[in-house]
Amino acid sequence: MARILITSAIPYINGIKHLGNLVGSQLPADLFARYMRQRGHEVLFLCATDEHGTPAELAAAKAGKPVAEYCAEMWQVQKDLSDGFRLSFDHFGRSSSPQNHKLTQHFAGRLAEAGLIREVSEEQVYSHADKRFLPDRYIEGTCPNCGYDRARGDQCENCTKQLDPTDLIDPRSAISGSTDLEVRETKHLYLRQSEMRGQLNDWIDSKTDWPILTTSIARKWLNDGDGLRDRGITRDLDWGIPVKKGEAEWPGMEGKVFYVWFDAPIEYIACAAEWVDAGKGDDWERWWREDKGAEDVRYVQFMGKDNVPFHTLSFPATIMGSGEPWKLVDYIKSFNYLNYDGGQFSTSQGRGVFMDQALEILPADYWRWWLLSHAPESSDSEFTWENFQASVNKDLADVLGNFVSRVTKFCRSKFGEVVPEGGEYGDAEVALVAELQGRVDAYQAHMEAMEVRKSAAELRAIWVAGNEYLQAAAPWAAYKEDPDRAAAIVRLSLNLIRLYAVLSEPFIPDASAAMLEAMGAAGADWPDTVGEALAALPAGHGFTVPDVLFAKITDEAREGWQEKFAGQRG
RNA sequence: GGCGGUGUAGCUCAGUUGGUUAGAGCAGCGGAAUCAUAAUCCGCGUGUCCGGGGUUCAAGUCCCUGCACCGCCA
């Protein structure tokens with residue numbers, strides 16, 4: 001039995017995530033966690049909300065609420081949605097937790113002791129009307145290059161020129177529109193990542209088994225231009241983790257907080273502490289400290305490609321720089337983007353399907369299956385309603401759902417709601433078991449390797465094999481001449497349903513549970529061999545005919561959704 | 001502009017270190033069956049593997065170059 005620590009990129013607090021966000025991190029992480037648990041491994045699967053920073057403050061202000069209250073509410077919303085999608089986190093934490101405050105301050109203190117933090121005085125724009133410093137992109141003005149009047153302080157979107165806020169003509173606050181701005185001197189802490197470039201580079205070089213998408217992004221940041229740059233890790237904000245050196249005050253940094261970029265990944269660790277404090281576990285350090293039991297832990301992270309730099313460089317720099325034996329990530333599974341019907345999903349424009357809307361129109365399993373079987377692994381992939389309807393109807397309703405339906409209903413009509421006795425297994429059954437064993441082996445290999453689409457394809461092939469067998473064995477025909485032969489076929493087929501429920505659990509947990517319940521099966525323990533698994537339900541074992549597992553998506557429904565989700569969510 | 005990715009059947013995609021007639025699912029066409037959510041099963045693909053050069057006995061698979069789309073640029 002292995003021990004596997006799994007984290008998925010932590011979603012930002014200011015809103016409900018869309019399906020592209022979901023399939024890029026949390027959903028595949030859940031697939032892997034569920035599979036590993038079923039295989040009997042010890043799994044700790046963590047996720048949290050990322051709550052600090054200017055966007056959270058602004059979203060709270062817009063909602064007319066104190067930021068802490070806003071975040072608490074949005075955390076609950078996101079928690080409920082992750083439950084709705086059956087994401088099996090062992091704990092869903094918050095980056096604003098006391099545990100993270102303590103750990104973030106601890107890391108900062110260690111980094112300072114190691115000489116990896118320097119103080120920098122810089123000039124930043126302060127808005128009197130907003131009573132706050134403004135990040136570059138929250139300052140608007142006229143571009144000195146092209147004259148575009150809504151250029152941002154970091155870059156002009158019109159001519160793409162990189163800008164400094166002080167370059168702008170007639171600068172104003174993007175928050176209030178106020179022009180009462182002032183350039184003030186302020187002091188900030190920088191993490192000296194550049195000092196660790198060699199160490200990080202060697203570490204990345206050692207990860208020969210990582211996807212190219214992951215290592216190429218890391219190498220680019222390490223080697224581009226002057227190489228890895230130092231990064232500011234503090235901000236002049238109210239909402240965040242107060243800057244401290246461990247438990248001690250940090251002279252000159254009063255009233256400042258750590259930048260969200262710095263504290264968010266540390267929440268991966270703090271979340272484990274939250275997990276313990278919530279009474280769900282009793283020792284989080286044995287998952288995170290190599291000197292306290294984590295030396296045999298395998299740590300896997302899931303994320304979209306936009307998050308790769310932070311996970312390959314910034315967070316490792318924090319950990320390595322601390323000089324303490326914290327667990328570094330062993331494998332990073334990164335994803336490309338899911339597009340929506342010819343364009344991008346857009347949170348700001350409300351384009352695409354969001355997690356809350358998805359669950360309002362269809363059960364989680366529909367989305368889980370489609371998203372995972374079309375996961376953007378090798379390149380960006382695309383969601384279209386036609387493809388979604390066709391795939392879900394065919395795979396879930398026709399191939400799997402109908403198999404369950406035809407077997408259970410045939411048995412009920414001929415033998416009653418009990419696994420029939422009599423008859424012997426012959427060549428057809430031997431051949432089926434052999435085929436399934438090969439496919440289950442392949443399925444396991446793909447799941448171990450986190451090959452999501454290939455796993456889905458193999459699982460589907462396993463479902464198809466049942467239909468092929470049933471079609472060829474034709475118990476409805478055999479029943480007329482040789483009822484015992486029909487009984488044997490049905491007995492095996494009922495056992496196939498139970499096996500399918502077990503194998504499908506990581507992808508479609510609700511349907512899996514419904515199938516197990518209908519079959520009166522005890523649990524979803526992974527089979528040692530297919531042959532044994534198909535003998536789990538003995539003759540005489542009672543079952544019930546389940547309700548239709550997957551109702552089909554009609555053309556009318558699909559057309560309605562297509563229109564409804566074209567943009568501007570209401 | 002720099003960097004990276006992608007470009008394979010109508011659609012969504014597989015194609016390991018270059019090696020036999022380039023594959024899967026869906027859609028389409030033909031057939032079988034009738035237990036089942038009109039659900040299943042069987043059969044059917046002469047595709048400029050984006051274009052053009054090159055290396056090689058052999059390239060979708062390596063090199064150069066052009067084109068298109070996408071992303072990132074702290």
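Chain naming here is simple, since letters A, B, ... match the order of the sequence lines and numbering starts at 1 in each.
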Open item on the list: So if I take every side-chain heavy atom of A:Arg406 and compare against B:U40, B:C13, B:A33, which nucleotide ends up nearest?
Closed with: B:U40

Open item on the list: Under 3.5 Å for both donor-acceptor distances, Watson-Crick or wobble: does B:U6 have a partner, and if so which one?
Closed with: B:A68

- [ ] Tell me whether the OP1 or OP2 atom of B:U37 has a side-chain N or O from A:Lys409 closer than 4.0 Å.
- [x] yes

Open item on the list: Which nucleotide wins on minimum distance to the side chain of A:Ala390, given the candidates B:U34, B:A36, B:C26?
Closed with: B:C26

Task: Ring centroid separation A:Tyr12 to A:His52 under 6.0 Å - done: no

- [ ] Taking atom P in both B:U8 and B:U16, compute the distance separating them and give it to the nearest angstrom.
- [x] 16 Å

- [ ] Give one of base, sugar-phosphate or nothing for A:Phe403, where a contact means two heavy atoms less than 4.0 Å apart.
- [x] nothing

Task: Spacing of the C1' atoms in B:G54 and B:U61 (rounded, Å) - done: 16 Å

TODO: Tell me whether the centres of the aromatic rings in A:Tyr340 and A:Phe383 are closer together than 6.0 Å.
DONE: yes

Open item on the list: For B:C26 and A:Arg460 - does any side-chain N or O of the residue sit under 4.0 Å from the phosphate oxygens OP1/OP2?
Closed with: yes

Open item on the list: From the set B:C41, B:A39, B:U37, return the single nucleotide nearest to any side-chain atom of A:Ser405.
Closed with: B:U37

Task: Whether A:Trp476 stacks on the six-membered ring of B:C35 base, 5.5 Å and 30° limits - done: yes

- [ ] For A:Tyr259 and B:A74, give me the distance from atom OH to atom P, rounded to whole Å.
- [x] 12 Å

Open item on the list: Can you check the distance between B:G15 and B:A24, where both ends of the measurement are the C1' atom (answer in whole Å)?
Closed with: 10 Å

- [ ] Under a 3.5 Å limit for both distances, which nucleotide forms a Watson-Crick or G-U wobble pair with B:U37, could you say?
- [x] none

Open item on the list: My understanding is that a pair needs two contacts under 3.5 Å, Watson-Crick or G-U wobble. By that rule, which nucleotide pairs with B:G18?
Closed with: none

Task: Under 3.5 Å on both distances, the Watson-Crick or G-U partner of B:G23 - done: B:C13

Open item on the list: Using a 4.0 Å heavy-atom cut-off, does A:Val464 contact any base of the nucleic acid, only the sugar-phosphate backbone, or nothing at all?
Closed with: sugar-phosphate

Open item on the list: On RNA chain B, does the nearest nucleotide to A:Val407 precede the nearest nucleotide to A:Glu468 from the 5' side, or the other way round? Give the residue.
Closed with: A:Val407

- [ ] Hey, which sits more toward the 5' end of RNA chain B by its nearest nucleotide, A:Gln471 or A:Glu451?
- [x] A:Glu451

Task: Lys/Arg cation over aromatic A:Phe335: A:Lys333, 6.0 Å, 45° cone - done: yes

Task: G-U wobble or Watson-Crick pairing nucleotide for B:C44 (cut-off 3.5 Å, both distances) - done: B:G28

TODO: Please state the P separation for the pair B:U37 and B:U48 - nearest whole angstrom.
DONE: 43 Å

Task: Quiz item: A:Asn402 side-chain donor-acceptor pair to B:A36 base, under 3.5 Å - done: yes

Open item on the list: Using the C1' atom as the point on both nucleotides, what is the distance between B:C3 and B:G19, in whole Å?
Closed with: 34 Å

Open item on the list: Of the options B:G71, B:C26, B:C41, whose atoms approach the side-chain atoms of A:Tyr337 most closely?
Closed with: B:G71

Open item on the list: Taking 4.0 Å as the cut-off, does a side-chain nitrogen or oxygen of A:Lys454 come that near to OP1 or OP2 on B:A24?
Closed with: no

Task: P-based separation of B:G28 from B:C70 [nearest Å] - done: 31 Å

Open item on the list: Applying the Watson-Crick and G-U wobble criteria at under 3.5 Å, what pairs with B:A59? Answer none if nothing qualifies.
Closed with: none

TODO: Measure from the side-chain heavy atoms of A:Leu549 and tell me the nearest of B:C41, B:C35, B:U37.
DONE: B:U37

Open item on the list: Below the 4.0 Å mark, does B:A39 have OP1 or OP2 next to a side-chain nitrogen or oxygen of A:Lys552?
Closed with: yes

